[in-house]
Asks: 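Below are the structure tokens for one structure; questions will follow.
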Amino acid sequence: MSRWLADCCACRSATSGSGYHSFRAIARVNVDDGPHWEKSTVHYDTVIIGAGMSGLSAGVRLAYYEKNVCILERHTTIGGLNSFYRLRKRNYDVGLHAVTNYAEPGSKGGPLSKLLRQLRMKWEDFDLRPQLHSSIAFPDCTLRFTNDFAYLLEQVAMAFPKQIDGFNRLVRTIADHDALNLDKRQATSARQVLSEHISDPLLIDMLFCPLMFYGSATPRDMDFSQFVIMFKSIFHEGFGRPFDGIRMILKKLVRHFKALGGHLKLRAGVSEIVQRGGKAKAVVLDDGTEITTDNVLSSAGAAETMRLVDPTRPMVRPKAGDISFVESISVLDCEPASLGHHDTIVFYNDADSFHYERPNEPVDLRSGIICSPNNFDYSRPLEDGRMRITALAEPDYWIDLPEEEYQQRKMEWNDRIIESALKHIPDFRSHVIDTDVFSPRTIRRFTGHLNGCVYGAPEKFANGQTPVGNLYLCGTDQGFLGIVGAMLSGITIANRYLLK
Amino acid sequence: MTGVEIRQAVLEILERIAPDEDLSDLDDAVAFREQMELDSMDFLDIVMELRKGYRVQIPEEDYHNLNTMQSTVDYLTPKMKDVPVAG
Ligand SMILES: Cc1cc2nc3c(=O)[nH]c(=O)nc-3n(C[C@H](O)[C@H](O)[C@H](O)COP(=O)(O)OP(=O)(O)OC[C@H]3O[C@@H](n4cnc5c(N)ncnc54)[C@H](O)[C@@H]3O)c2cc1C
């Protein structure tokens, strides 16, 4: 509760009859009647801020049950952190390395089948193909894994014979842990739990490496519930990818949403959530349009959303996160496999221990993720070869760079990132035919997430509630991360509060 | 709607919610949960599909009546006797 304290006070004073906010509320009544103020005539049951994975999924649920729902997206396209674009006649995915929580089509139970059921979508709509194999590469030790958990068990037993009993105990602890309970979440250090079972710090670091890279909003340690969610989604369930990338899933979601009667407005940024008496009444768009609604569901982030409620006060809390990445995307004139590279994803670390935190330099070259979208079990080759290499980045450096220097620095660091990854993959540089690089600055520009932060605030709001009665959070800051996580987050919060 | 028609309506809802389940030999006397993978999210969906399709309201304290196909049909019969067959 205490993390909302600053905001609660702000809300209360905003409605106490004095102060800037209530003055604005009165002013609005006058402006409403004025000639310049465009007021939307439609009133919605729910307005959703953001057409990313979580917002779209929530929208589908609400529209399916005949709620009058509108998704508002500031950007010119859908997808948010997991969008897609075209550059120099080629298709790119913004965020997709792999969809976690892989399951064979038709399997029951598990997050993927759950979300397909909830969205009334079919396995073919996602068209996921499984990974080949991935690895965690540390100095002098490599663990390989596939979508078959038994293989990882063998790998651990082989590389860490003294630790395997402890590892098995950890696996049982994970199986017994109810990570999805939204109400009784206690913060428990995953490092603490792991150290009760495993004594070799190398194995601990190697387990953390992929789980942190793909889903930790907190530096150095994870909440144990989040560790369990990521462990299951990566090691137990594994990776898959649609042949056509994320665009296919997104387009199917939007088509479904619209067919159910949902409204989607692009280039419709929300600049304010109008609230009176602790209840959200309407949202105001960047162009001044006001849209009234019974409920607001926001995927913009906790700090970002509370700014919309009370833009006049800099929010003390909740704090935005600052874990962000630079990614180098190389287009090749051949498949990575033809150069001898068959891994789907390599999580690497070259330092004595693994450091997952905001780096001091522009990019932390000691560790990273190498993803080859070609290396999934496809029946035909992708259009071109790709290598995506991702590393931790210092947000302020990238966001503050002057425009004329930015392009040059991006290319400089692109070369350095590739060079440091070459310890783990064949040298593909003579095959590169195009390059794109994104940084925390890109992420902030296209998603509005402060600091270009990928996994949101370090503190999550699992039950989706805010100090404003009918304003709820979904997505990144509710706490279910990644593509599947974000979709489940939208579904869960919509079910819980907005279908009544 | 008659009991038989209500059973058919519930079956169609289950097919929509859980398309991967084989419902051809569903035993009406055995709990749904014992015959198919249904979690609380799915049960909520049965309630909401009934509301959407047939305008029947089921208060939360009555959810336990949706345990088996037989108990569901018994519970719904008086509530849906005046509901016309959809379509
Ligand atoms: C580089 C990168 C790689 C990734 N790789 C993977 C991966 O391989 N596998 C995986 O599972 N996950 C991956 N992720 C994570 C995954 O993409 C995210 O967890 C997920 O997409 C988050 O969805 P969301 O709906 O919570 O948030 P977002 O996608 O951020 O959606 C929020 C939306 O709200 C919009 N918005 C914000 N403010 C406003 C406003 N005021 N008015 C209107 N609209 C607004 C934004 O434009 C955005 O579209 C990756 C992320 C990144 C950045």
Side-chain angles (χ1 to χ4, degrees), chain A residues 45-46 57-58 60-69 101 103-126 128 178-183 256 259-262 464 474 480 484-485 487-500, chain B residues 6 8-27 30-69 72 76 79-80 83-87:
Chain A
D45 295 322
T46 297
S57 305
V60 166
R61 282 295 289 176
L62 297 180
Y64 183 82
Y65 285 113
E66 299 169 317
K67 296 291 179 194
N68 204 357
V69 52
N101 307 86
E104 287 294 330
S107 35
K108 296 167 203 164
L112 199 55
S113 99
K114 192 176 278 195
L115 84 80
L116 287 172
R117 278 184 180 194
Q118 287 277 305
L119 298 175
R120 305 288 191 272
M121 289 175 79
K122 298 196 240 10
W123 291 89
E124 303 89 86
D125 291 333
F126 278 31
L128 293 182
D178 178 13
L180 295 180
N181 188 326
L182 302 187
D183 297 308
H256 192 31
L260 292 166
C474 70
F480 297 165
V484 172
M487 295 177 88
L488 277 176
S489 167
I491 292 169
T492 307
I493 301 301
N495 284 354
R496 204 169 205 210
Y497 304 108
L498 303 169
L499 283 175
K500 297 269 149 51
Chain B
I6 293 172
Q8 184 56 32
V10 174
L11 210 55
E12 279 164 21
I13 287 175
L14 289 174
E15 274 164 8
R16 242 189 332 270
I17 292 173
D20 299 317
E21 302 279 354
D22 177 13
L23 299 171
S24 54
D25 48 329
L26 188 79
D27 186 335
V30 177
F32 290 125
R33 266 186 209 268
E34 286 171 31
Q35 305 180 74
M36 46 197 293
E37 294 256 356
L38 285 187
D39 61 14
S40 53
M41 269 178 157
D42 299 320
F43 271 96
L44 182 70
D45 265 33
I46 299 179
V47 172
M48 297 211 312
E49 287 274 5
L50 285 165
R51 187 169 77 188
K52 177 178 166 179
Y54 304 94
R55 307 289 152 198
V56 224
Q57 298 288 346
I58 305 175
E60 213 167 323
E61 58 270 22
D62 287 355
Y63 285 4
H64 64 270
N65 290 304
L66 309 181
N67 189 32
T68 67
M69 181 60 101
T72 305
L76 291 174
K79 282 183 166 280
M80 291 173 68
V83 176
V85 182

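Proteins get letters first, then strands, A, B, ... in listed order; numbering begins at 1 in each.
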Asks: Is R61(A) close to chain B through its backbone or its side chain, or both, or neither, when contacts mean heavy atoms under 4.5 Å?
Replies: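 Side chain only.
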Asks: Which residues in residues 109-116 of chain A have any heavy atom closer than 4.5 Å to a heavy atom of chain B?
Replies: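 Residues G109(A), K114(A) are the ones that qualify, each having a heavy atom under 4.5 Å from chain B.
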Asks: Taking side-chain contact (heavy atoms from CB on, under 4.5 Å) as the test, write out the residues that go with D22(B), two or more places apart.
Replies: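 Scan of D22(B) (side-chain contact (heavy atoms from CB on, under 4.5 Å), adjacent residues dropped) gives S24(B), D25(B).
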Asks: Do R51(B) and E66(A) sit within salt-bridge range, that is, some charged N less than 4.0 Å from a carboxylate O?
Replies: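 Between E66(A) and R51(B) there is no salt bridge, as every charged N stays at least 4.0 Å from the carboxylate O atoms.
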Asks: Hey, could you give me the CG/NE2 distance between L119(A) and H256(A), rounded to the nearest 0.5 Å?
Replies: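 If we round to the nearest 0.5 Å, L119(A):CG and H256(A):NE2 are 6.5 Å apart.
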Asks: R120(A) versus chain B, heavy atoms under 4.5 Å apart: side chain, backbone, both or neither?
Replies: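 R120(A) touches chain B through side-chain heavy atoms alone.
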Asks: Does F126(A) have any ring-ring contact (aromatic ring centres under 6.0 Å, His included) partners at least two apart in sequence or in another chain, and if so, which?
Replies: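 If we apply the ring-ring contact (aromatic ring centres under 6.0 Å, His included) test to F126(A), skipping adjacent residues, there are no hits.
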Asks: With a cut-off of under 6.0 Å to the ring centre and 45° to the axis, is K52(B) in cation-pi contact with Y64(A)?
Replies: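 Here K52(B) passes the 6.0 Å and 45° test against Y64(A).
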Asks: Under the side-chain hydrogen bond (donor to acceptor under 3.5 Å, both in side chains) rule, what pairs show up with a residue in residues 58-67 of chain B, not counting sequence neighbours?
Replies: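 Sorted pair list: D62(B)-Y75(B).
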Asks: Check each atom of L44(B) against the heavy atoms of chain A and say whether the ones under 4.5 Å are side chain, backbone, both or neither.
Replies: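 Interface part for L44(B): side chain.
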Asks: Does N495(A) reach the main-chain N or O of T492(A) with its side chain, forming a donor-acceptor pair under 3.5 Å?
Replies: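 Checked: no pair found.
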